> 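For reference, the structure I am asking about is given below.
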Amino acid sequence: QVQLVESGGGLVQAGGSLRLSCAASGSTFGINDMGWHRQAPGKQRELVAYVTSGGSTNYVDSVKGRFTISRDNAKNTVYLQMNSLKPGDTAVYYCFAGVYSRGVRRDYWGQGTQVTVSS
């Protein structure tokens with residue numbers, strides 16, 4: 001019903017920047033929050049940032065002041081601007097979109113994009 005396509009990952013040196021994009025298509029009317037989780041080798045999946053349909057943003061403490069999430073409703077696209085990247089940010093980043101139907105939340109996921117930050 002909802003398809004998410006991610007782009008923008010890559011290899012960057014510590015201190016550099018990347019901008020992730022996640023475009024939603026299909027039945028986008030029911031989408032509420034959108035954001036990213038990340039998964040690093042040997043670590044649990046971590047919620048990085050999300051933005052609600054009303055525009056409220058939330059970040060995990062480790063990225064506050066460095067990452068900025070934004071949303072373009074006209075394009076059904078969410079962006080994650082990542083500045084001052086650290087090696088600890090290395091992970092696969094998975095975009096998600098939350099949809100509520102009959103009081104039940106369903107999450108849709110992007111394919112993931114690799115972010116690698118070198119020392």
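What you see is a predicted model, and the numbers here were worked out from it, not measured in a lab.
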> Hey, mind stepping through R71 and S53 against side chain to side chain contact (heavy atoms under 4.5 Å, CB included) and telling me if it holds?
CA-CA 9 Å; R71 186 172 182 172; S53 60; 4.3 Å; yes
> Using only heavy-atom distances, determine whether the side chains of N83 and S17 contain a donor-acceptor pair under 3.5 Å.
yes
> Over all heavy atoms of both residues, which pair between S21 and Y79 is shortest? Give the atoms and the distance, please.
OG-CD2, 3.3 Å
> How long is the span from the CD atom in E46 to the OG atom in S62, to the nearest 0.5 Å?
5.0 Å
> Would you say the side-chain atoms of S56 pair up with the backbone N or O of G54, donor to acceptor, closer than 3.5 Å?
no
> Does the side chain of V63 reach to within under 4.5 Å of the side chain of V48, using non-hydrogen atoms?
yes
> Which heavy atom of Q111 sits nearest to which heavy atom of V5, and what is that distance?
OE1-CA, 3.7 Å
> Measure the spacing between CG of L11 and OG1 of T116 and express it to the nearest 0.5 Å.
6.0 Å
> Under a 4.0 Å threshold between the charged nitrogen and the carboxylate oxygen, would K86 count as salt-bridged to D89?
no
> Is the Y93 to H37 ring centre distance short of 6.0 Å?
no
> Y100 ring centre to R106 NZ or CZ under 6.0 Å, with the angle to the axis within 45°?
no
> From R45 CZ over to R38 CZ, what is the distance, rounded to the nearest 0.5 angstrom?
13.5 Å
> Hydrophobic clustering (ILVMFWY, side-chain heavy atoms < 4.5 Å, transitive) - are Y94 and V2 grouped together?
no
> For W109 and F96, take the angle between the two ring planes, folded into 0 to 90°, and tell me which bin it lands in: parallel under 30, tilted 30 to 60, perpendicular over 60.
tilted
> Output the distance between atom OG1 (T113) and atom CG (L80), rounded to the nearest 0.5 Å.
11.0 Å
> Please name the pair of heavy atoms, one in L47 and one in V60, separated by the smallest distance, quoted to 0.1 Å.
O-CB, 3.4 Å
> Look up atom CZ in R19 and atom OG in S7, then write down how far apart they are to the nearest 0.5 Å.
8.5 Å
> Please determine whether residues V92 and V117 belong to a single hydrophobic cluster, defined as Ile, Leu, Val, Met, Phe, Trp and Tyr linked transitively by side-chain heavy-atom distances below 4.5 Å.
no
> Apply side chain to side chain contact (heavy atoms under 4.5 Å, CB included) to the pair N76 and S25, showing each step before the final yes or no.
CA-CA 7 Å; N76 295 313; S25 62; over 6 Å; no
> For the side chain of T90 and the backbone of P87, is there at least one donor-acceptor N/O pair under 3.5 Å apart?
yes
> Taking all non-hydrogen atoms of both residues, which atom of M82 and which atom of L85 are closest, and how far apart?
CB-CD2, 3.8 Å
> Does a side-chain N-to-carboxylate-O contact under 4.0 Å join D33 and R105?
yes
> What is the minimum heavy-atom distance between E6 and G112, and which atoms define it?
OE2-N, 3.0 Å
> Give, for atom CH2 of W36 and atom OH of Y50, the distance between the pair rounded to the nearest 0.5 Å.
15.0 Å
> If you define the side chain from C-beta out and look only at heavy atoms, does anything of Y59 sit under 4.5 Å from R66?
no
> Using every non-hydrogen atom in the two residues, find where L4 and C22 come nearest and quote the distance to one decimal.
CB-SG, 3.9 Å
> Test side chain to side chain contact (heavy atoms under 4.5 Å, CB included) on D107 and V99; report intermediate values, then the result.
CA-CA 6 Å; D107 288 328; V99 178; over 6 Å; no
> When you measure from the side chain of Q81 to the backbone N and O of I69, does any donor-acceptor pair fall under 3.5 Å?
no
